[in-house]
Peer 1: 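After the structure tokens below, expect a handful of questions from me.
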Amino acid sequence: MTTKKDYYEILGVERDVDSDTLKKRYRKVAMKYHPDRNPGDKEAEEKFKEASEAYAVLSDVEKRKIYDQYGHEGLNGAGFSGAGDFNDIFSDFGDIFQEFFGFGRGRRRRSGAVRGSDLRYDLEIEFEDAVFGADKELELLKNEKCERCSGTGSEPGTSPEVCPGCGGSGQYTESQGFFTVRSTCPYCKGKGSIIKDPCRECKGRGVVQKKRKVSLKIPKGVDNGSKLRLSGEGEAGSGGGPNGDLYIFITIKPHKHFERRGTDLICYVDITFIQAALGDKITIPTINGELEIEIPKGTQFGDKIRLRNEGVPSLRTGQRGDQIVIFHIKTPTSINKKQEKLLKEFNKLDENKITNKLKNLLKGF
Ligand SMILES: [Zn+2]
Ligand SMILES: [Zn+2]
């Protein structure tokens, strides 16, 4: 077995690091070495895996305790294998929050510990925020661990008692002839303990509903329907169970000029048939501001020009898409006498007139 690097060293943190600093530090390291940012770089991928493994352990109170006491060997002994957790991360790159918080799934359930519920938050963002990224603060109501009883549900100074219905196993066993039927203890609902003296703050639930602010970083390039996951920002778990996750479903407000197609931005530009025929220089909007472009001579209705790198950055690679300008030719509905005269003159001179083409076609019959 190869010697493994120290988890604290990998993340560059002190041994007494608190969970917030740890999370921040991990995000930094993970973002730096993320395979999407370092395509084909084996060394970066290794570093990313190392950091993810280190974080998986250090962010878990129990695993961290074992690691602090017994090192890597201790974790092997406890039946924890890092590999399982990573395959999870790498199998699901579509979920962009995996890159920051790839954990929380498949956590083993301790007896009586219940994982908090996941929360859903629908967030509508400005078109530009999706293109350039943004920092948002969300306010939501959620169940959080009750501080008065530290989530136990028992009034401070008292503690839950072993359930008399099941003797603490949380299961109810009943013999029916040859069979033994096991079911969840109806008395304690499987927890194995009951609260005699419920906490006054949370009425024994162990959680209280609170308004909470959550900061969210919207990555550049999110699209309609993108789903962001904030691990551990869901409802509080109970009985020592982990928090649920917060899922943010993104919808993007429409833009007055642009339509988005993947990383490309489509915009329709009205021009006159004179501009189409003669060519012209016009100023059009781009997501980065105004830009002067040239209408080519002889432009037809629906002709396109592509403006490189004026689109939306790709969520994965950061590479920007293009802006595609589609020309719509408008026929004037009111013209003055002089214009009419000139157009009639032009018409007489026009060899390519459609009526001429028709005449030539009919000659063949
Ligand atoms: Zn309480
Ligand atoms: Zn019971």
Side-chain angles (χ1 to χ4, degrees), residues 16-24 58-66 78-79 101 103-121 137-216 229-248:
D16 60 356
V17 66
D18 62 73
S19 68
D20 266 354
T21 315
L22 183 73
K23 194 183 207 173
K24 272 186 207 139
L58 299 185
S59 61
D60 183 300
V61 181
E62 282 186 6
K63 285 175 190 165
R64 186 169 170 181
K65 231 185 251 170
I66 297 171
F101 311 107
F103 317 103
R105 260 180 230 174
R107 245 178 230 175
R108 261 152 278 141
R109 208 182 128 159
R110 276 155 272 173
S111 60
V114 180
R115 186 179 176 277
S117 310
D118 291 336
L119 291 176
R120 174 185 172 138
Y121 190 99
E137 201 160 73
L138 316 177
E139 202 177 68
L140 50 143
L141 272 177
K142 61 181 196 175
N143 284 332
E144 299 227 315
K145 187 156 102 177
C146 172
E147 274 165 23
R148 184 175 170 84
C149 64
S150 314
T152 63
S154 288
E155 183 63 9
T158 71
S159 49
E161 287 176 15
V162 174
C163 171
C166 59
S169 69
Q171 294 201 318
Y172 182 72
T173 328
E174 198 179 10
S175 296
Q176 291 180 344
F178 294 111
F179 302 103
T180 306
V181 179
R182 257 171 204 240
S183 52
T184 305
C185 170
Y187 200 52
C188 65
K189 296 185 178 67
K191 283 187 190 135
S193 60
I194 50 162
I195 293 162
K196 265 269 172 88
D197 196 358
C199 164
R200 265 180 273 153
E201 182 77 31
C202 64
K203 315 267 181 306
R205 289 166 65 232
V207 290
V208 282
Q209 201 165 61
K210 274 191 187 157
K211 232 184 216 178
R212 269 265 286 154
K213 282 188 174 152
V214 177
S215 334
L216 171 70
R229 179 159 75 98
L230 286 170
S231 179
E233 294 288 1
E235 307 242 68
S238 61
N243 292 354
D245 299 333
L246 172 63
Y247 287 90
I248 293 133

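Counting starts at 1 for both ligands and their atoms, in listed order. Along the sequence shown, residues are numbered consecutively beginning with 1. Just so it is clear, the model here is predicted, and its values are computed rather than measured. The figures here come from the full heavy-atom set of this structure, side chains too, leaving out hydrogens, waters and symmetry mates.
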Peer 1: Using a distance threshold of 2.8 Å, what protein N/O/S atoms lie below it relative to the Zn ion (ligand 1)?
Peer 2: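 Checking every protein N, O and S atom gives Cys146 SG, Cys149 SG, Cys199 SG, Cys202 SG.
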
Peer 1: With no hydrogens and no angle check, is any side-chain donor or acceptor of Asp118 less than 3.5 Å from a backbone partner on Gly244?
Peer 2: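 Here the side-chain-to-backbone pair does not exist.
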
Peer 1: Can any side-chain N or O of Ser169 pair as donor or acceptor with the backbone N or O of Gln171 at less than 3.5 Å?
Peer 2: yes

Peer 1: Taking NZ, NE, NH1 and NH2 as the nitrogens, is one of them in Asp18 or Lys24 under 4.0 Å from a carboxylate oxygen of the other?
Peer 2: no

Peer 1: Would you please name every residue forming a salt bridge (charged side-chain N to carboxylate O under 4.0 Å, His left out) with Arg212, sequence neighbours left out?
Peer 2: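 Salt bridge (charged side-chain N to carboxylate O under 4.0 Å, His left out) list for Arg212, sorted by chain: Glu144, Glu233.
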
Peer 1: What's the SG-the Zn ion (ligand 2)-SG angle here (Cys188, Cys185), rounded to 10 degrees?
Peer 2: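 Taking the Zn ion (ligand 2) as the apex, the two atoms subtend 100°.
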
Peer 1: Salt bridge or not for Glu161 and Lys196, using N-O below 4.0 Å?
Peer 2: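 Salt bridge present between Glu161 and Lys196.
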
Peer 1: Charged N to carboxylate O under 4.0 angstrom, Arg148 versus Glu155?
Peer 2: yes

